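This report refers to the structure that appears directly beneath it.
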2 protein chains.
Amino acid sequence: MATYRGKRKTPQRDAVRDAIAAAGRPLSAEEILAKARKEVPALGLATVYRHLRYLLDRKQVVTVEISGSTPRFEPAQLAHHHHFHCRECDRVYEIAECPFHGQPHAPPGFRVENHEVTLTGICERCARQVPGSRSS
Amino acid sequence: MATYRGKRKTPQRDAVRDAIAAAGRPLSAEEILAKARKEVPALGLATVYRHLRYLLDRKQVVTVEISGSTPRFEPAQLAHHHHFHCRECDRVYEIAECPFHGQPHAPPGFRVENHEVTLTGICERCARQVPGSRSS
DNA sequence: ATACTTGCAAAACATTTGCAGTGAG
DNA sequence: CTCACTGCAAATGTTTTGCAAGTAT
């Protein structure tokens, strides 16, 4: 396979990178495709994934896993933060606070390199609404 | 489709339930299949998924989502704990310690109902091995 | 020109469902 | 006997790869 090497500057690359950077929230692959197609209409989903993998390898983008949904992607250089997942509207929010001060604890011999915290519940927006009413 | 209803006691059901209960760590569907096949060799993966869905619906089992890997399943009635994901062998371990003392912080108006903490790194077992080697 | 990138289609995976045969009650 | 449950294969839905054509340098 002609592996993606990132040696050239192309409109597709910029479109994918910009889509992720411009959104104020983590996007799914399909959402990135939709946004990037405003710049490059012929863009294919495979190309989005290729750039995604490249950006993940270079640690310019990180994956945000959401229970029961497809992965989302966000810029990696954001300040350290965690996520809040609203079970009502399915939105994911950034949470600035980190419960760890220093390295998280693990059993003897385990080397901790990273940590992820996800809070689940009802977001401020949904908390104000009548249960059962519409959302978006 | 003949939906699974849980009305009958079968060896397959016991094998799946026991595999999850006996493992001291969350198992993937394939891991459950492998373990349960020691009891029921002809067991099919589809049946594992059917029982999994049933057990999840009944809240006897919970899903543990891991970034960059397939979901794992563990008994629902375990004491509060978190997880460690080894990036080398892909195993998931239980971590007893919780960084939160009291309710986690969230922006005003947000109602936190649950939280999840996942540490990533190298497990004790893999840390002892030559880098690049494999196990399971 | 060279060889990296792209889009499309097909392949890979993980999970779900259709079906007809099996077996629990 | 019934009909829930099972295994297999086919269907889904998502992500990856092969390839020939397009293009940045």
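Just so it is clear, the model here is predicted, and its values are computed rather than measured. Reminder, nothing fancy here: chain letters follow the sequence lines and each chain counts from 1.
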Given the rule in the salt bridge (charged side-chain N to carboxylate O under 4.0 Å, His left out) test, do Arg72(B) and Asp90(B) qualify, once you have shown the distances and angles that lead to the verdict? CA-CA 11 Å; Arg72(B) 311 301 158 98; Asp90(B) 207 38; 3.0 Å; yes
Evaluate the salt bridge (charged side-chain N to carboxylate O under 4.0 Å, His left out) criterion for residues Glu31(B) and Arg25(B): first the C-alpha distance (whole Å), next the side-chain angles of each, then the deciding distance (0.1 Å), finally the verdict. CA-CA 11 Å; Glu31(B) 287 175 320; Arg25(B) 59 189 177 85; 3.3 Å; yes
Stepwise side-chain contact (heavy atoms from CB on, under 4.5 Å) check, Thr118(B) with His82(B): CA-CA 6 Å; Thr118(B) 305; His82(B) 296 300; over 6 Å; no
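When the side-chain nitrogen and oxygen atoms of His51(A) are compared with OP1 and OP2 of dT6(C), one or more of them lie within a distance under 4.0 Å. Using a 4.0 Å cut-off, some side-chain N or O of Gln12(A) falls inside it from OP1 or OP2 of dG7(C). Within the 4.0 Å cut-off from OP1 or OP2 of dA4(D), at least one side-chain nitrogen or oxygen of Arg5(B) is found. The shortest distance between the side-chain N/O atoms of Thr47(B) and the OP1/OP2 oxygens of dG7(D) is below 4.0 Å. An OP1 or OP2 oxygen of dC4(C) is reached within less than 4.0 angstrom by no side-chain nitrogen or oxygen of Thr10(A).
Within a 6.0 Å sphere centred on NE2 of His81(A), other residues, nucleotides and ligands contribute more than 12 heavy atoms.
When distances run from any side-chain atom of Lys9(B) to the nucleotides dT17(C), dG7(D), dG25(C), the shortest one goes to dG25(C). Nearest to the side-chain atoms of Arg50(B) among the listed nucleotides dC19(C), dC19(D), dC4(C) stands dC19(C). Comparing atom distances between the Lys7(B) side chain and each of dC5(D), dG7(C), dG7(D) picks out dC5(D) as nearest.
Nearest-nucleotide mapping onto DNA chain D: of Gly6(B) and Ala46(B), the residue sitting toward the 5' end is Gly6(B). Between Pro11(A) and Leu45(B), the residue anchored nearer the 5' end of DNA chain C, judged by the nucleotide with its closest heavy atom, is Pro11(A).
When hydrophobic side chains of Ile, Leu, Val, Met, Phe, Trp and Tyr are connected at separations under 4.5 Å, Val112(B) ends up clustered with Phe84(A), Tyr93(A), Ile95(A), Phe100(A), Phe110(A), Val112(A), Val117(A), Leu119(A), Phe84(B), Tyr93(B), Ile95(B), Phe100(B), Phe110(B), Val117(B), Leu119(B).
Asp90(B) places its CG atom 14 Å from the C1' atom of dA14(C), with the value rounded to the nearest Å. One interatomic measurement links the two molecules: CG of Asp57(A) to P of dT16(D), which rounds to 10 Å at whole-angstrom precision. Taking atom CD1 on Ile66(B) and atom C1' on dA14(C), their separation rounds to 16 Å, with Å as the unit.
Aromatic rings from His80(B) and His115(B) are positioned such that their centres are separated by under 6.0 Å.
A donor N or O paired with an acceptor N or O is found under 3.5 Å between the base of dT23(D) and the side-chain atoms of Arg8(A).
Residue contacts shown for Pro71(B) are limited to sugar-phosphate atoms, with no base heavy atom under 4.0 Å away.
Under the rule for a side chain to side chain donor-acceptor pair (under 3.5 Å), the partners of Asp14(B) that lie at least two apart in sequence or sit in another chain are Lys9(B).
The stretch residues 13-23 of chain B does not touch DNA chain C, since none of its heavy atoms comes less than 4.0 Å from the strand.
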